[in-house]
**Student:** 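Handing you this structure, nothing more for now.
Just so you know, these numbers use all the heavy atoms, side chains as well, and skip hydrogens, waters and symmetry mates.
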Amino acid sequence: MTDTTVPEGTEADTDTLTRLEQEGEIAADYLEGLLDIADLDGDIDMDVEADRAAVSVISEGSSRDLQKLVGRDGEVLEALQELTRLAVHRETGDRSRLMLDIAGFRARKREELAELGAKAAQEAKSSGEPVKLRPMTPFERKVVHDAVKDAGLRSESEGEEPQRCVVVLP
């Protein structure tokens, strides 16, 4: 199930990949137990993306049941991600940056946010004024920052959680 490629590199790269794969395995076991308790059907897919373990819960049929694990605006997904990270931390003793996706929610959200970041960058370029976006989660802000950087502009986060937002600079 793990879909990773090992780039040619140092022993440290191999050690990191092995550690991230272990995080994915621990997370998958934890999530399988959770799915069993909740009596929900879902398959677990593991990967390593951008130096972090990525675990997805997917459904072959209707993902309607899995939507319960996403919640409104991904609130339940965020909570499950934190619980899964804690389960990994309990087993390994190391803090995990694991990313969890359920029923493709985070992947769809990433696309929407990348588009939002590109539009905000275009607006900042054309107006010459900073563009302040709505408050976002850390995941959302990271995606927007990356999209703005790809558009050739700079952005920064301002404010305090949960009202922290991205400002795109011209």
**Student:** Whether Glu111 and Arg108 form a salt bridge (side-chain N of Lys/Arg under 4.0 Å from carboxylate O of Asp/Glu) is what I want to check.
**Tutor:**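 The answer is no: the pair does not qualify as a salt bridge.
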**Student:** Output yes when a side-chain donor or acceptor of Arg110 lies under 3.5 Å from a complementary backbone atom of Phe139, and no otherwise.
**Tutor:**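 No, because the side chain of Arg110 does not come within donor-acceptor range (under 3.5 Å) of the backbone of Phe139.
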**Student:** Are there over 12 heavy-atom neighbours, none belonging to Asp29, within less than 6.0 Å of that residue's CG?
**Tutor:** yes
**Student:** Tell me the closest heavy-atom pair linking Leu133 and Cys165, and the distance in Å.
**Tutor:** O-CB, 3.1 Å
**Student:** Are Val76 and Val55 linked, directly or through intermediate hydrophobic residues, by side-chain heavy-atom contacts shorter than 4.5 Å (ILVMFWY only)?
**Tutor:** yes
**Student:** Checking the side chain of Ser56 only, and the main-chain atoms of Ile58 only, is there a donor and an acceptor separated by less than 3.5 Å?
**Tutor:**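 No, Ser56 side chain to Ile58 backbone: no donor-acceptor pair under 3.5 Å.
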**Student:** Begin with the C-alpha distance, continue with both residues' side-chain angles, and end with the deciding distance and a verdict on side chain to side chain contact (heavy atoms under 4.5 Å, CB included) for Leu69 and Leu35.
**Tutor:** CA-CA 10 Å; Leu69 298 178; Leu35 289 172; 3.7 Å; yes
**Student:** Would you check if the side chain of Arg164 reaches a backbone N or O of Pro138 as a donor-acceptor pair within less than 3.5 Å?
**Tutor:**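 Here the side-chain-to-backbone pair does not exist.
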**Student:** Yes or no on side chain to side chain contact (heavy atoms under 4.5 Å, CB included) for Arg134 and Glu140, after CA distance, side-chain angles and deciding distance?
**Tutor:** CA-CA 10 Å; Arg134 65 173 172 72; Glu140 293 171 329; 3.8 Å; yes
**Student:** Ion pair present between Glu23 and Arg97, side-chain N to carboxylate O less than 4.0 angstrom?
**Tutor:**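 The answer is no: the pair does not qualify as a salt bridge.
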**Student:** Looking only at heavy atoms, what is the nearest atom pair of Gly117 and Val148, with distance?
**Tutor:** O-CG2, 3.7 Å
**Student:** Taking Asp146 for the side chain and Asp150 for the main chain, is one N or O donor matched with an acceptor at less than 3.5 Å?
**Tutor:**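 No, the answer is negative, given that no donor and acceptor are paired below the 3.5 Å cut-off.
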**Student:** Have His89 and Ser96 got a donor and an acceptor in their side chains that come within less than 3.5 Å?
**Tutor:** no
**Student:** Let's go through Val57 and Leu80 carefully: what are the C-alpha distance in whole Å and the side-chain angles of both, what is the deciding distance for side chain to side chain contact (heavy atoms under 4.5 Å, CB included) to 0.1 Å, and is it a yes or a no?
**Tutor:** CA-CA 11 Å; Val57 180; Leu80 287 173; over 6 Å; no
**Student:** Would you kindly confirm whether Tyr30 and Leu66 end up in one hydrophobic cluster when ILVMFWY residues are joined by side chain heavy atoms under 4.5 Å apart?
**Tutor:** yes
**Student:** Can you establish whether the number of heavy atoms outside Arg52 located under 6.0 Å from its atom CZ is more than 12?
**Tutor:**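 It does: Arg52 CZ has more than 12 such atoms within range.
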**Student:** Take atom NZ of Lys149 as the centre, draw a 6.0 Å sphere, and report whether it contains more than 12 heavy atoms from other residues, nucleotides or ligands.
**Tutor:** no
**Student:** Report the C-alpha separation of Met136 and Val143 in whole Å, then their side-chain angles, then the decisive distance to 0.1 Å, and conclude whether the side chain to side chain contact (heavy atoms under 4.5 Å, CB included) test is met.
**Tutor:** CA-CA 10 Å; Met136 298 180 187; Val143 174; over 6 Å; no
**Student:** Answer yes when Arg106 and Glu78 have at least one side-chain N-carboxylate O distance shorter than 4.0 Å, and no when they do not.
**Tutor:** yes
**Student:** When you check the gap from the basic side-chain N to the acidic O, do Lys119 and Glu123 get nearer than 4.0 Å?
**Tutor:**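 Here Lys119 does not pair with Glu123 in a salt bridge, since their nearest N and O are not under 4.0 Å apart.
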**Student:** Leu169 and Leu113: same hydrophobic cluster, using ILVMFWY side-chain contacts below 4.5 Å?
**Tutor:** no
**Student:** Between Asp15 and Arg19, is there a salt bridge with N-O shorter than 4.0 Å?
**Tutor:** no
**Student:** Nearest heavy-atom pair of Pro162 and Pro135: which atoms, and what distance?
**Tutor:** O-CB, 3.7 Å
**Student:** Compare all side-chain heavy atoms of Glu25 with those of Met46 and state whether any distance is below 4.5 angstrom.
**Tutor:**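 With C-beta onward as the side chain, the pair touches.
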**Student:** For Glu161, does the CD atom sit with more than 12 other heavy atoms under 6.0 Å from it, leaving out its own atoms?
**Tutor:**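 Yes, because the 6.0 Å sphere around CD of Glu161 holds more than 12 heavy atoms from other groups.
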**Student:** Give a yes or no on this: more than 12 heavy atoms of other residues, nucleotides or ligands lie within 6.0 Å of atom CG of Asp36.
**Tutor:** yes
**Student:** Side-chain heavy atoms under 4.5 angstrom apart, residues restricted to Ile, Leu, Val, Met, Phe, Trp, Tyr: same cluster for Val48 and Val88?
**Tutor:** no
